[in-house]
Amino acid sequence: MKKVLNQAFFDRPAEIVAKELLGKFIISNAGKDEVSLMINEVEAYTGPDDLACHASKGKTGRTQVMFGPAGFFYVYFVYGIHWMLNVVTGKKGFPAAVLIRGAGDIHGPARLTNFLKIGKEFNGKSAEPANGLWFENRGVIIKPGQIKKTPRIGVDYAGRVWAQKPLRFLLRNI
DNA sequence: GCAGTGATCATA
DNA sequence: ATGATCACTGCC
């Protein structure tokens with residue numbers, strides 16, 4: 001069973017999309033060989049009230065894609081070195097996204113983009129095979145007990161409440 | 001523990 | 001134009 005995740009999958013709250021992305025596959029055919037990895041670590045950035053979400057500071061050049069429709073990639077550069085891969089979730093006009101932090105044997109959001117050769121050219125593109133980067137449901141069933149929740153990484157600046165919310169989701173036993 | 005690295009944004 | 005900040009990684 002292989003089913004490409006469509007816009008309807010992503011057009012839901014970031015927290016739901018994040019949890020459901022665990023066990024799904026990210027596929028890239030940008031290189032000469034197709035690469036597919038099972039997603040095992042994600043974080044949800046839930047909207048304009050989420051002080052850890054870039055869009056909480058308003059719509060800017062960098063964050064505008066988050067204000068667009070669901071199912072588009074939000075890719076940005078941070079610390080002068082690293083690219084971060086996110087997928088926009090929820091309705092157009094409501095800025096929220098899910099950060100893909102780990103898949104397969106690749107643990108760490110910048111390692112993943114490095115491995116998949118993802119850079120700014122994917123920012124603002126939609127997740128579909130025609131664009132060379134997309135997601136599939138391959139029938140892996142994840143039970144609630146397999147999902148571990150923790151606070152998100154590197155968001156201490158967001159204040160106690162938002163920094164501590166359990167919006168990072170990982171698969172156990174990876 | 002912390003340096004490296006440069007886009008981005010606010011301030012001017 | 002300048003300065004602060006940063007959803008990280010790898011090496012000490």
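Here is how names work: the chains are called A, B, and so on, in the same order as the sequence lines, proteins then strands, and each is numbered from 1. Everything numeric here is computed off the predicted structure, so don't read it as measured data.
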Look through every strand shown and name the nucleotide pairing with dT5(B) as Watson-Crick or G-U wobble, where both distances are under 3.5 Å.
-> none
Residue pair S126(A), N131(A): steps toward the side-chain hydrogen bond (donor to acceptor under 3.5 Å, both in side chains) verdict | CA-CA 7 Å; S126(A) 63; N131(A) 285 332; 3.3 Å; yes
Side chain T113(A), main chain M84(A), donor-acceptor under 3.5 Å | no
Contacted region of DNA chain B by chain A, from 5' end to 3' end of the hits, cut-off under 4.0 Å to heavy atoms, spans dG4(B) to dC9(B)
Phosphate OP1/OP2 of dC6(C): any Y76(A) side-chain N/O under 4.0 Å | no
Is a donor on one side and an acceptor on the other found under 3.5 Å between the side chain of N6(A) and the backbone of F9(A)?
-> yes
Ignoring hydrogens and angles, answer whether the base of dA7(C) and the side-chain atoms of H54(A) contain a donor-acceptor pair closer than 3.5 Å.
-> yes
Reckon R101(A) has a side-chain N or O less than 4.0 Å from the OP1 or OP2 of dC8(C)?
-> yes
Separation of D105(A) CG from N40(A) CG (nearest 0.5 Å) = 8.5 Å
Looking for any heavy atom pair under 4.0 Å, which part of the strands does A52(A) touch: base, sugar-phosphate only, or nothing?
-> base
Flag if over 12 foreign heavy atoms under 6.0 Å of NZ, K3(A) | no
The reported gap from OG1 in T63(A) to OH in Y74(A) (rounded to nearest 0.5 angstrom) is 6.0 Å
